[in-house]
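Throughout, residue positions are numbered sequentially from 1 according to the sequence presented. Worth saying up front: this structure is predicted, and the values here are computed from it rather than measured.
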Amino acid sequence: MAGTPSPVLEVDGLTRHFPAARGTVRAVDGVTLTIGRGEVVGLVGESGSGKSTVGRCVVRLDEPTEGSVRINGTDVTRMSRRALRPLRKDFHLVFQDPSSSLDPRMTVGKIIAEPLKLHGIAKGDAARARVAQLLAQVGLRPEHADRHPHELSGGQRQRISIARALSVDPDLLVADEPTSALDVSVQASVLNLLADLQRDRGFGCLFITHDLAAVEFLADRIAVMYLGQIVEQAPTAELFADPKHPYTQALLSAAPVPDPGSQRSRERVVLSGDLPSPLAPPSGCRFHTRCPLAVDRCRTEIPALRTLPGGAGRREVSCHLVGEDGTAPDVTAPDVSPDV
């Protein structure tokens with residue numbers, strides 16, 4: 001009997017702090033997550049929660065302050081740039097804004113072929129054939145290879161970014177808000193493209209987004225971040241059906257529901273105040289300053305990210321108010337009186 005394959009990505013205690021004039025920005029503080037082969041994990045949260053910093057640390061565009069990142073079982077956290085170079089074909093990043101991530105001086109064909117040449121995979125006629133194949137796979141025509149990025153639409157540029165990232169058949173794709181810079185009319189087509197390619201190629205994917213409809217469509221599992229920390233992880237269907245953490249409940253209450261009369265419809269939870277500064281995160285539970293259910297323990301004691309029983313997949317939550325049996329508080333309950 002074959003053993004369980006190792007995850008394509010293992011992040012353990014990832015921390016990224018930035019020095020600033022007035023102190024230290026605690027952008028990411030102890031994030032732990034795994035992505036299996038062929039699995040899509042969504043990372044969601046408000047702007048400023050640290051999602052993109054996690055993605056940049058995973059692909060080593062940012063250097064972690066603490067913790068470790070393992071890709072295909074290899075710890076890449078402290079690896080030198082020279083040692084990391086041959087491994088970069090195993091993981092790629094699709095940036096949020098394709099306009100700033102594509103070299104305007106290069107043709108589309110050269111942009112896509114560049115990773116093939118850098119990793120010694122193909123050159124000459126073989127590279128051109130591979131480029132044509134990739135263009136077809138992302139829904140573009142052969143003649144696009146001779147154009148420059150500024151001659152293409154935003155959706156076409158993002159398709160080029162995806163083709164470049166997948167040119168060397170990576171095991172892990174980090175997609176950082178890949179549709180947020182696009183017109184609404186083309187966002188769905190790019191999401192469908194990612195879903196089709198992921199299903200056909202079987203790569204693991206860290207899908208970073210604030211778009212809850214997009215993450216529900218694409219992800220197998222979701223991790224919710226708040227102020228540098230993960231507060232809840234669960235299979236997608238379970239998270240949307242029964243969110244446990246008060247912050248997750250508030251997030252999902254703001255998501256549009258196609259049928260307002262359905263069971264998915266929730267009373268809107270409007271959080272008070274703004275996201276606290278990562279220069280001075282609150283003591284105890286970082287969400288307590290905005291949580292309508294907070295009690296004294298929340299203000300002083302950091303809740304551990306613990307595994308809950310039951311469910312179709314592993315569920316984790318960091319909230320003192322969630323019971324050991326997984327019973328969750330309801331921030332929309334009419335008899336809740338704020339204790340903040």
Treat each ILVMFWY residue as a node, draw an edge where side-chain heavy atoms are under 4.5 Å apart, and state whether [X] and [Y] are in one component.
X: L197; Y: L134; value: yes
X: L218; Y: M225; value: no
X: I71; Y: V54; value: yes
X: V174; Y: V40; value: no
X: V25; Y: L14; value: no

Contacts of R22 that satisfy salt bridge (Lys or Arg N to Asp or Glu O under 4.0 Å) - sequence neighbours left out:
none

Is [X] reaching over with its side chain to a backbone N or O of [Y], donor-acceptor style, under 3.5 angstrom?
X: H144; Y: Q156; answer: no
X: R60; Y: M79; answer: yes
X: Q233; Y: T32; answer: yes
X: N192; Y: A188; answer: yes
X: E177; Y: D97; answer: no
X: T236; Y: D220; answer: yes
X: Q187; Y: L182; answer: yes
X: K51; Y: G45; answer: yes
X: T24; Y: H17; answer: no
X: R306; Y: C319; answer: yes

Between atom [atom1] of [X] and atom [atom2] of [Y], what is the distance when rounded to the nearest 0.5 Å?
X: L193; Y: L166; atom1: CG; atom2: CG; result: 8.5 Å
X: F95; Y: S161; atom1: CZ; atom2: OG; result: 9.0 Å
X: D211; Y: L191; atom1: CG; atom2: CG; result: 7.0 Å
X: T34; Y: E10; atom1: OG1; atom2: CD; result: 7.0 Å
X: E66; Y: T15; atom1: CD; atom2: OG1; result: 5.0 Å
X: E46; Y: R290; atom1: CD; atom2: CZ; result: 4.5 Å

Taking C-beta and beyond as the side chain, do [X] and [Y] meet within less than 4.5 Å on heavy atoms?
X: Q249; Y: L293; value: no
X: D62; Y: F18; value: yes
X: H150; Y: P104; value: no
X: M106; Y: P149; value: no
X: V31; Y: L43; value: no
X: C285; Y: I302; value: no
X: L9; Y: L33; value: yes
X: L227; Y: P276; value: yes

State which residues pass ring-ring contact (aromatic ring centres under 6.0 Å, His included) with F287; sequence neighbours excluded, sorted by chain then number.
Y226, H245, Y247

Exercise: identify the closest heavy-atom pair between [X] and [Y]:
X: H288; Y: A294; answer: O-CB, 3.7 Å
X: L61; Y: L93; answer: CD1-CD2, 3.5 Å
X: A145; Y: V131; answer: CB-CG1, 4.4 Å
X: C205; Y: I35; answer: O-CD1, 3.7 Å
X: V41; Y: A219; answer: C-CB, 4.4 Å
X: V190; Y: G155; answer: CG2-O, 4.4 Å

If you look only at distance, which donor and acceptor atoms sit under 3.5 Å apart when one is on a side chain in residues 277-284 and the other is two or more places apart or in another chain?
from	atom 1	to	atom 2	distance (Å)
S277	OG	L279	N	3.0
S283	OG	R299	O	2.8

N/O donor to acceptor pairs below 3.5 angstrom from side-chain atoms of residues 107-129, sequence neighbours left out:
from	atom 1	to	atom 2	distance (Å)
T107	OG1	K110	N	3.3
D125	OD1	R128	NH2	2.4

Checking [Y] against [X]: is there a side-chain donor and acceptor pair closer than 3.5 Å?
X: D325; Y: T327; value: yes
X: S167; Y: R130; value: no
X: S68; Y: D75; value: no

CA sep, side-chain torsions, deciding dist, call: D29, R286, side-chain contact (heavy atoms from CB on, under 4.5 Å)
CA-CA 11 Å; D29 242 351; R286 292 188 176 183; 2.5 Å; yes

Let's go through F91 and N72 carefully: what are the C-alpha distance in whole Å and the side-chain angles of both, what is the deciding distance for side-chain contact (heavy atoms from CB on, under 4.5 Å) to 0.1 Å, and is it a yes or a no?
CA-CA 10 Å; F91 55 94; N72 288 330; over 6 Å; no

Show your reasoning for whether side-chain contact (heavy atoms from CB on, under 4.5 Å) applies to L140 and I160.
CA-CA 9 Å; L140 298 176; I160 296 304; 3.3 Å; yes

With sequence neighbours left out, which residue pairs that include part of residues 182-211 fulfil the ring-ring contact (aromatic ring centres under 6.0 Å, His included) condition?
none

Could you tell me whether E63 and R78 make a salt bridge, using a distance below 4.0 angstrom between a side-chain N and a carboxylate O?
no

So, applying side chain to side chain donor-acceptor pair (under 3.5 Å) with R201, which one of D169, D196, D171 is it?
D169

Would the number of heavy atoms belonging to other residues, nucleotides or ligands and lying under 6.0 Å from CG of D274 be above 12?
no

I230/E316 under side-chain contact (heavy atoms from CB on, under 4.5 Å): CA gap, chis, key distance, verdict
CA-CA 9 Å; I230 290 178; E316 295 179 319; 6.0 Å; no

With side-chain hydrogen bond (donor to acceptor under 3.5 Å, both in side chains) as the rule and sequence neighbours excluded, what pairs involving residues 82-91 come up?
none

